[in-house]
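Okay, so here's the structure we're looking at.
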Amino acid sequence: PTDVAALTTKVRMLLSDNNVEDALTTARAAASANPKSIDSQMALASVYLARQESEEARKALNNALQLDPNNIQAQLELAKLHLDRGELDTSLDFAKLGVKTDPDNLDAQLMLIQSLAARSDDDGRAEAALKPLLAKYAKSARVYSLAGKLAINRNDQASARRHWETALQLDPKNAAALAGLSALAVEADRPAEARAIVDARLR
């Protein structure tokens, strides 16, 4: 009952079943069994994120980083958490830390671009950082999906459509590209087209 590996594995299984309450109880048991376990802190953070309790998640992620300052998963989760809370400077700091920890990590690079793009003083830095990724990761739906989002930010709907269509060709499950194309159709007063896009994915 105090085996952290077993408890954290159980947390992941419970979350996959959407059993958040039991997952929280189990994650707390793991953290209690070994408060200095990075895995137990990350499991606790994942449950709090599922419960949309961002402050508790932040504490658990920071605990994990105190135990391992190079834990890139904690760095990126904190970048995303602060981005979602509108704390853009902090989000950017953690995203930069993730890229410093692992410069070749695609998740870290995409998180950095998202953090840059959310700032009013971006000055094209997000676009500049994305350009080499489009060449290096030409088969990555996530890269094209983010390219579509940046195109919308500069009001270039044609480029956004092209990038999102490419993303869906590479990965039909890419929800961001699906939502983006649907939104473009709705904004163009073509609800039938939007419905067809969604229905095709549902089928």
Side-chain angles (χ1 to χ4, degrees), residues 1-119 122 125-126 129-130 132-133 136-137 140-143 145-146 149 171 173-176:
T2 59
D3 187 304
V4 171
L7 289 167
T8 54
T9 299
K10 185 178 180 182
V11 169
R12 291 193 293 272
M13 295 172 69
L14 289 167
L15 285 178
S16 71
D17 288 337
N18 202 31
N19 188 344
V20 181
E21 294 306 315
D22 286 348
L24 178 59
T25 300
T26 307
R28 284 173 172 167
S32 178
N34 186 357
K36 294 186 178 181
S37 163
I38 296 172
D39 288 342
S40 69
Q41 293 297 328
M42 292 301 295
L44 196 58
S46 67
V47 176
Y48 283 129
L49 287 171
R51 289 167 58 91
Q52 298 183 1
E53 297 180 19
S54 65
E55 184 57 25
E56 294 302 320
R58 186 191 66 79
K59 292 177 183 177
L61 290 167
N62 276 319
N63 287 340
L65 271 188
Q66 288 178 2
L67 296 166
D68 177 13
N70 293 319
N71 188 315
I72 192 167
Q73 183 183 356
Q75 292 166 351
L76 298 185
E77 289 289 359
L78 280 165
K80 184 178 185 304
L81 185 152
H82 286 288
L83 180 62
D84 291 342
R85 297 197 333 183
E87 297 161 354
L88 305 184
D89 289 343
T90 308
S91 174
L92 183 59
D93 287 342
F94 278 114
K96 287 179 177 177
L97 189 59
V99 171
K100 181 179 179 180
T101 298
D102 186 357
D104 294 325
N105 188 299
L106 179 58
D107 289 330
Q109 294 179 66
L110 293 178
M111 190 68 248
L112 176 61
I113 293 168
Q114 291 179 65
S115 297
L116 286 170
R119 299 165 59 91
D122 171 17
R125 287 180 295 167
L130 181 65
L133 298 188
K136 185 176 181 179
Y137 299 98
S140 172
R142 291 186 299 152
V143 172
S145 180
L146 182 54
K149 181 178 179 181
D171 177 15
K173 296 181 180 180
N174 190 290

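Side-chain atoms are counted along with the backbone in the values below, which use heavy atoms only and exclude waters and symmetry mates.
Rounded to the nearest 0.5 Å, atoms CD (Glu87) and CG (Asp93) are 11.5 Å apart. Between the CG atom of Asn174 and the CG atom of Leu146 there is a distance of 10.5 Å, given to the nearest 0.5 Å. Taken to the nearest 0.5 Å, the CG atom of Leu130 stands 12.0 Å off from the NZ atom of Lys149. Atom CG of residue Asn62 and atom CD of residue Glu77 lie 12.5 Å apart, to the nearest 0.5 angstrom.
Residue pairs meeting the salt bridge (charged side-chain N to carboxylate O under 4.0 Å, His left out) criterion with at least one partner in residues 54-76, sequence neighbours excluded, are Glu55-Arg58, Glu55-Arg85, Glu56-Lys59. For residues 101-117, the pairs satisfying side chain to side chain donor-acceptor pair (under 3.5 Å) are Gln75-Thr101, Ser91-Ser115, Asp107-Arg142, with sequence neighbours left out. Legend: salt bridge (charged side-chain N to carboxylate O under 4.0 Å, His left out) pairs involving residues 4-20, not counting sequence neighbours: none detected. Here salt bridge (charged side-chain N to carboxylate O under 4.0 Å, His left out) pairs that include residues 20-43, with residues two or more places apart or in two chains, are Glu21-Arg51. Within the structure, the ring-ring contact (aromatic ring centres under 6.0 Å, His included) test picks out no pair touching residues 27-59 (sequence neighbours left out). Sorted by first then second residue, the ring-ring contact (aromatic ring centres under 6.0 Å, His included) pairs that include residues 67-106, not counting sequence neighbours, are His82-Phe94.
Here Lys96 pairs with Leu92, Leu112 under the side-chain contact (heavy atoms from CB on, under 4.5 Å) rule; sequence neighbours left out. With sequence neighbours left out, Ala5 forms a side-chain contact (heavy atoms from CB on, under 4.5 Å) with Asp3. Residues forming a side-chain contact (heavy atoms from CB on, under 4.5 Å) with Ala45 (at least two apart in sequence, or on another chain): Ala60, Leu61. Residues passing the side-chain contact (heavy atoms from CB on, under 4.5 Å) test with Ala30, sequence neighbours excluded: Leu7, Thr8, Ser40. Judged as a side chain to side chain donor-acceptor pair (under 3.5 Å), and not counting sequence neighbours, the contacts of Asp84 are Lys80. Taking the salt bridge (Lys or Arg N to Asp or Glu O under 4.0 Å) definition, one finds that Arg119 meets it with Asp89, Asp121, sequence neighbours left out.
When all heavy atoms of Ala31 and Leu44 are compared, the closest pair comes out as CB-CD2, 4.2 Å. Here the closest non-hydrogen pair linking Val4 and Ser37 is CG1-OG, 3.4 Å. Nearest heavy atom pair, residue Ala118 against residue Leu88, reads O-CD1, 3.3 Å. The shortest heavy-atom contact between Val47 and Ala23 is CG2-O, 3.8 Å. The nearest pair of heavy atoms linking Ile72 to Ala108 is CD1-CB, 4.2 Å. Here the shortest heavy-atom pairing between Val11 and Ser46 reads CG1-OG, 4.3 Å.
The side-chain heavy atoms of Leu133 and Ile113, taken from C-beta on, include a pair separated by under 4.5 Å. The shortest distance between side-chain heavy atoms of Asn63 and Leu65 does not fall below 4.5 Å.
Side-chain N or O atoms of Ser32 include none that pairs as donor or acceptor with a backbone N or O of Ala29 at under 3.5 Å.
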